[in-house]
Amino acid sequence: MRSLDDIFEEYDFLDGDDRYRLLIDLGRELEPMPDPLKTDATLVRGCSASVWVYPLPQDGDRLHFLADSNAAITKGIVALVLAAVQDKPATEVAAMDIAAALAPFDLTRQLSSNRTQGVPNMIALVQDTARRIADA
């Protein structure tokens, strides 16, 4: 997965439709999430599309997430969130201001509120997972 900085460098260079295409491409690059993991327990609440996030703790306290969505643009937004946190130590993710890391993308200005309304819930789920692992 590309770093958030690398993604932003490309995103910042593009305009409207090309930014949508980049988000869709990012979603396509997500590691596949097996269908049996797409359950009510892994469903992110408050999203207009269905979004599932499943944490896979790695060696030590590093976090790795599988995620999917049934909407292409939303899946790209999910990929952005994961680019900010993927394979980082749980303690770092728990303390990170993920919303601030995503702020340069100005998603609320680029996309409809329906597309971005679930982002805070996804961030909360990721950080709750990180805190739980960091405190273990």
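Note that the numbering runs from 1 along the sequence shown for the chain.
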Search all heavy atoms of [X] against all heavy atoms of [Y] and return the closest pair with its distance.
| X | Y | answer |
| --- | --- | --- |
| Pro32 | Pro34 | O-CD, 3.7 Å |
| Ala90 | Ala134 | CB-N, 3.9 Å |
| Asp87 | Gln58 | OD1-CG, 4.5 Å |
| Lys75 | Gly27 | CE-O, 3.1 Å |
| Gly46 | Asn121 | CA-ND2, 3.5 Å |
| His64 | Gln86 | CA-OE1, 3.2 Å |

Are [X] and [Y] in one and the same hydrophobic cluster, where Ile, Leu, Val, Met, Phe, Trp and Tyr link if side-chain heavy atoms are under 4.5 Å apart?
| X | Y | result |
| --- | --- | --- |
| Ile123 | Trp52 | no |
| Phe8 | Val78 | yes |
| Leu30 | Ile24 | yes |
| Leu56 | Leu82 | no |
| Leu4 | Leu14 | yes |

Residue from Thr129, Asp128, Asp135 passing side chain to side chain donor-acceptor pair (under 3.5 Å) with Arg131: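 Of the listed options, the one satisfying the test is Asp128.
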Interatomic spacing from [atom1] in [X] to [atom2] in [Y] - rounded to 0.5 Å:
| X | Y | atom1 | atom2 | result |
| --- | --- | --- | --- | --- |
| Tyr54 | Asp68 | OH | CG | 15.0 Å |
| Leu22 | Ile7 | CG | CD1 | 7.0 Å |
| Leu66 | Lys38 | CG | NZ | 10.0 Å |
| Ile77 | Leu107 | CD1 | CG | 5.5 Å |
| Phe65 | Leu125 | CZ | CG | 7.0 Å |

Electrostatic pair Asp40-Arg45, nearest N-O below 4.0 angstrom: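 Yes, charged N to carboxylate O under 4.0 Å.
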Heavy-atom check, side chain of Asp12 versus side chain of Arg19, under 4.5 Å: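 A side-chain contact exists here, since the closest heavy-atom pair is under 4.5 Å.
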Student check: side-chain heavy atoms of Leu80 and Leu26 closer than 4.5 Å: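 Leu80 reaches Leu26 side chain to side chain.
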Polar side-chain atom of Thr42 near backbone of Val53 as donor-acceptor pair, under 3.5 Å: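 No; judged by distance alone, with no hydrogens or angles, the pair does not exist.
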Over 12 non-hydrogen atoms of neighbours within 6.0 angstrom of CD in Glu9: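 Atom CD in Glu9 is not packed in, count stays at 12 or less.
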side-chain contact (heavy atoms from CB on, under 4.5 Å) evaluation trace for Leu102 with Val81: CA-CA 7 Å; Leu102 297 175; Val81 174; 3.7 Å; yes
Side-chain donor/acceptor pairs under 3.5 Å, residues 92-100, sequence neighbours excluded:
from  : atom 1 : to     : atom 2 : distance (Å)
Asp97 : OD1    : Ala99  : N      : 3.4
Asp97 : OD1    : Ala100 : N      : 3.0

Steps toward side-chain contact (heavy atoms from CB on, under 4.5 Å) verdict (Asp17, Tyr20): CA-CA 5 Å; Asp17 287 345; Tyr20 284 117; 4.1 Å; yes
